[in-house]
Novice: 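Here it is, the structure, as structure tokens.
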Amino acid sequence: MPFGPSGSRPFPFDYRKTLNKVFILVGILIIVYAVLWILAELKLIPLIVYALFPQFVLLLVGIFIFYQAYSRRNLY
């Protein structure tokens, strides 16, 4: 039986909102990465800032996942 006793799905998450937030986060990260790349190529920022960007991305993704889990802990 794919649905629960009340007719609801077993995972009552709103994936549309979360997916929209993920796309916004990815878009922002792509824009920031492109700007850092351009500034590094023009020698306006040190190359180390551009090289450390993947670690900042991991940090932002971790913060985003934690925020999503924390904000939905009492929702369901």
Novice: Once you round to the nearest 0.5 Å, how far does CD1 of Ile24 lie from CG of Leu29?
Specialist: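 Taking CD1 in Ile24 and CG in Leu29, the distance rounds to 12.0 Å.
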Novice: Under the side chain to side chain contact (heavy atoms under 4.5 Å, CB included) test, which residues partner Ile45, sequence neighbours left out?
Specialist: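 Partners of Ile45 under the side chain to side chain contact (heavy atoms under 4.5 Å, CB included) test: Leu36, Leu39, Ala40, Val49.
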Novice: Any idea how Phe66 and Tyr70 line up, ring-wise: parallel (<30°), tilted (30 to 60°), or perpendicular (>60°)?
Specialist: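 Correct class here is parallel.
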Novice: Does Val32 reach the side chain of Phe56, with side-chain heavy atoms less than 4.5 Å apart?
Specialist: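 With C-beta onward as the side chain, the pair stays apart.
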Novice: Would you check, one step at a time, whether the test side-chain contact (heavy atoms from CB on, under 4.5 Å) holds for Gln55 with Leu52?
Specialist: CA-CA 6 Å; Gln55 287 80 11; Leu52 289 177; 4.1 Å; yes
Novice: For the atom pair CD (Glu41) and CD1 (Ile38), what is the distance rounded to the nearest 0.5 Å?
Specialist: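 The distance works out to 9.5 Å.
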Novice: Walk me through it: do Val22 and Phe64 pass the test side-chain contact (heavy atoms from CB on, under 4.5 Å)?
Specialist: CA-CA 9 Å; Val22 168; Phe64 175 76; 3.6 Å; yes
Novice: Among the clusters formed by ILVMFWY side chains lying less than 4.5 Å apart, do Leu58 and Ile65 turn up in the same one?
Specialist: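 Each belongs to a different hydrophobic cluster.
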Novice: Verify side-chain contact (heavy atoms from CB on, under 4.5 Å) between Val57 and Tyr33, making sure each step is shown before the conclusion.
Specialist: CA-CA 9 Å; Val57 169; Tyr33 188 72; 5.9 Å; no
Novice: Roughly how far apart are Trp37 CH2 and Leu42 CG, rounded to 0.5 Å?
Specialist: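 If we round to the nearest 0.5 Å, Trp37:CH2 and Leu42:CG are 12.5 Å apart.
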Novice: Cluster partners of Leu59, using ILVMFWY side-chain heavy atoms under 4.5 angstrom, listed by chain and number?
Specialist: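 Reading the cluster by chain and number, Leu59 sits alongside Ile63.
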Novice: If you compare all heavy atoms of Ala51 against all heavy atoms of Pro54, which two are closest, and at what distance to 0.1 Å?
Specialist: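 That would be O-CD, 3.3 Å.
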Novice: Just how far is it from atom CG of Leu60 to atom OH of Tyr67, taken to the nearest 0.5 Å?
Specialist: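 That separation rounds to 14.5 Å.
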